[in-house]
Amino acid sequence: MDFGPYLMLASLEGAVTAAVLALTAIGLSLVFGVMRVVNVAHGEFFMLGAVLAWWVASHVGGPPAVGFVAALVIAPLAVGGLAALADMTVLKRVEYDPERTIVATIGILYILQQVTLMTYGPEARPVEPPFNTRLALPWFEWGENGFQLYWPWGLSTTSYKLFVIGAAAAVLVGVWLLMARTRIGLLMRATQLDREMALAFGIPVERVYAVVFGIGGALAALGAVLIVPIQQAHYLMGGDPLLLSFIVVIIGGLGSLPGTVAAAILIGLSDGIISVFFSPTLAKILATLLVALVLVFRPQGLFGTGAK
């Protein structure tokens, strides 16, 4: 196979990574943008979503699609509810102080990780995808007879991976509609712009914070449910999503949802392509180097706005 088809395959793998990363990073960006809270436990909400997806899918009878759909509904709702509870019982008590919330979310991280280890165990366990048809992909070339379309051997993907990309795109559109067209989105934006003024106008800021923290956790769990049929659920899987989400949020601009999506696409595609042609370690090194360059030359991020 020529270089072009290989690049296409690597780009598709990167698109799957970018789709899940966008969901996870949007949750982190939303929490920081509205609450000004750096949620270090965000990766553990991702991990918990994957573990709950395995638990639900393994306890629901019938075809794999039934268990997967149940996990797709139950896991994000459960993790979102747990995140909202953590906000009301922990973050609210430290009054959302930046330094104390970092320490508090580190504590939440270790609690979730160790409780999962004690109950779920150290094993990595798969979730069967609801469908996984292998699809041959066409390629093109310009030959003696002009433009020609052909199907190279080995150039293929699965229907489930395409579903992950489409589902993530649909959820991101839903988040945009929530923020731009609904009353709760209006309250979130008002709270983000000026917390004190929102309080003066009678907006229940603490309830808005609980909802935002819950939505952030639910989005991370949703990304995990989508990716766990491709990867496997284990109690240490929250580290990489947390690191990449922070990278994406910093590059895109803290609190900027469009910037977060654009940065997730950039990092996800580059991670997929570099991992296929070189190594995953090199992909992480280059992503970290890009963060350093952004922090030096444009601290507010590529899509962020500077202090006025």
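One-based numbering along the sequence shown.
- Because its NZ or CZ atom is not both nearer than 6.0 Å to the ring centre of Tyr209 and within 45° of the ring axis, Arg207 does not count as a cation-pi partner of that residue.
- With contacts defined as side-chain heavy-atom distances shorter than 4.5 Å, the pair Thr158/Phe131 does not qualify.
- Between the side chain of Ser156 and the main chain of Arg134, no donor-acceptor pair closer than 3.5 Å is present.
- Checked against Val79 for a side chain to side chain contact (heavy atoms under 4.5 Å, CB included), the options Leu219, Leu222, Leu48 give a single hit: Leu48.
- Residues Gly238 and Glu44 come closest through the heavy atom pair CA-OE2, 4.0 Å.
- Cluster membership for Leu186 and Trp176, using ILVMFWY side-chain heavy atoms within less than 4.5 angstrom, is not shared.
- Closest non-hydrogen pair, Thr260 versus Ser256, comes out as OG1-O, 2.7 Å.
- A pairwise comparison of heavy atoms in Leu269 and Ser11 identifies CD2-O, 3.4 Å as the closest pair.
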Q) Given Phe68 and Val225, is the side-chain contact (heavy atoms from CB on, under 4.5 Å) satisfied, shown in steps? A) CA-CA 8 Å; Phe68 178 79; Val225 176; 4.2 Å; yes

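- Taking 4.5 Å as the limit, every side-chain heavy atom of Glu123 sits out of range of all side-chain heavy atoms of Gln232.
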Q: Go through the steps for Leu82 and Leu112 under the test side-chain contact (heavy atoms from CB on, under 4.5 Å), then give the verdict.
A: CA-CA 10 Å; Leu82 180 63; Leu112 292 177; 3.8 Å; yes

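- To the nearest 0.5 Å, the span separating CZ on Phe246 from CG on Leu242 amounts to 5.0 Å.
- Side-chain contact check for Val228 versus Arg125: every heavy-atom pair is 4.5 Å or farther apart.
- Val51 and Ile74 end up in the same hydrophobic cluster when Ile, Leu, Val, Met, Phe, Trp and Tyr side chains are linked at under 4.5 Å.
- Judged by distance alone, with hydrogens and angles left aside, the side-chain atoms of Arg36 form a donor-acceptor pair with the main-chain N or O of Gly33 at under 3.5 Å.
- When each of Leu21, Thr24, Leu28 is checked for a side chain to side chain contact (heavy atoms under 4.5 Å, CB included) with Val248, only Leu21 meets the rule.
- The closest side-chain heavy-atom distance from Thr116 to Met47 is below 4.5 Å.
- The closest donor-acceptor contact from the side chain of Thr105 to the backbone of Val40 lies under 3.5 Å.
- No path of Ile, Leu, Val, Met, Phe, Trp and Tyr side chains, each step under 4.5 Å between heavy atoms, connects Leu91 with Phe32, placing them in separate hydrophobic clusters.
- The shortest distance between side-chain heavy atoms of Leu23 and Leu172 falls below 4.5 Å.
- Counting heavy atoms from C-beta on, the side chains of Ile267 and Leu290 come closer than 4.5 Å.
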Q: Given side-chain contact (heavy atoms from CB on, under 4.5 Å), test Ile230 with Val16 step by step and report yes or no.
A: CA-CA 10 Å; Ile230 299 174; Val16 174; 3.9 Å; yes

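- With rounding to the nearest 0.5 Å, the separation of CG in Leu244 from OG1 in Thr17 is 8.5 Å.
- Two residues are said to be in side-chain contact when any heavy atoms from C-beta on lie closer than 4.5 Å; Ile215 and Met188 meet this criterion.
- Ring geometry, Phe163 versus Tyr160: the interplanar angle falls from 30° to 60°, so the pair is classed tilted.
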Q: May I have the step-by-step check of ring pair (Phe, Tyr, Trp, His ring centres under 6.0 Å) for Phe213 and Tyr96, ending in yes or no?
A: CA-CA 12 Å; Phe213 206 71; Tyr96 304 102; 8.6 Å; no

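- Atoms NZ and CG, on Lys284 and Asp240 in that order, are 5.5 Å from each other to the nearest 0.5 Å.
- Interatomic distance, Ile273 CD1 to Leu7 CG, rounded to the nearest 0.5 Å: 5.0 Å.
- Note that the OH atom of Tyr120 and the NE2 atom of His234 stand 8.5 Å from one another [nearest 0.5 Å].
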Q.
Checking Phe46 against Ile227 for the side-chain contact (heavy atoms from CB on, under 4.5 Å) test, could you report, in this order, the C-alpha distance in whole Å, the side-chain angles of both residues, the deciding distance, and whether it holds?
A. CA-CA 10 Å; Phe46 180 94; Ile227 200 64; 3.8 Å; yes

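- Residue Phe303 holds its CZ atom at 11.0 Å from CD1 of Ile251, rounded to the nearest 0.5 Å.
- Heavy atoms of other residues, nucleotides or ligands lying less than 6.0 angstrom from CZ of Phe277 number more than 12.
- Both Val31 and Met179 are part of a single hydrophobic cluster, where members link through side-chain heavy atoms under 4.5 Å apart.
- Of all heavy-atom pairs between His42 and Gly27, the closest is CE1-C, 3.7 Å.
- Across every non-hydrogen atom of Gly217 and Ala83, the tightest pair is CA-CB, 4.3 Å.
- There is a path of hydrophobic side-chain contacts, each under 4.5 Å, that joins Val164 to Ile265.
- Under a 3.5 Å cut-off, the side chain of Ser58 and the backbone N or O of Trp54 do form a donor-acceptor pair.
- Taking the side chain as every heavy atom from C-beta outward, Leu257 and Ser29 approach each other to under 4.5 Å.
- Across all non-hydrogen atoms, the minimal contact from Gly49 to Ala75 is O-CB, 3.8 Å.
- Residues in residues 95-110 take part in these salt bridge (charged side-chain N to carboxylate O under 4.0 Å, His left out) pairs, two or more places apart or across chains: Glu95-Arg100, Asp97-Arg100.
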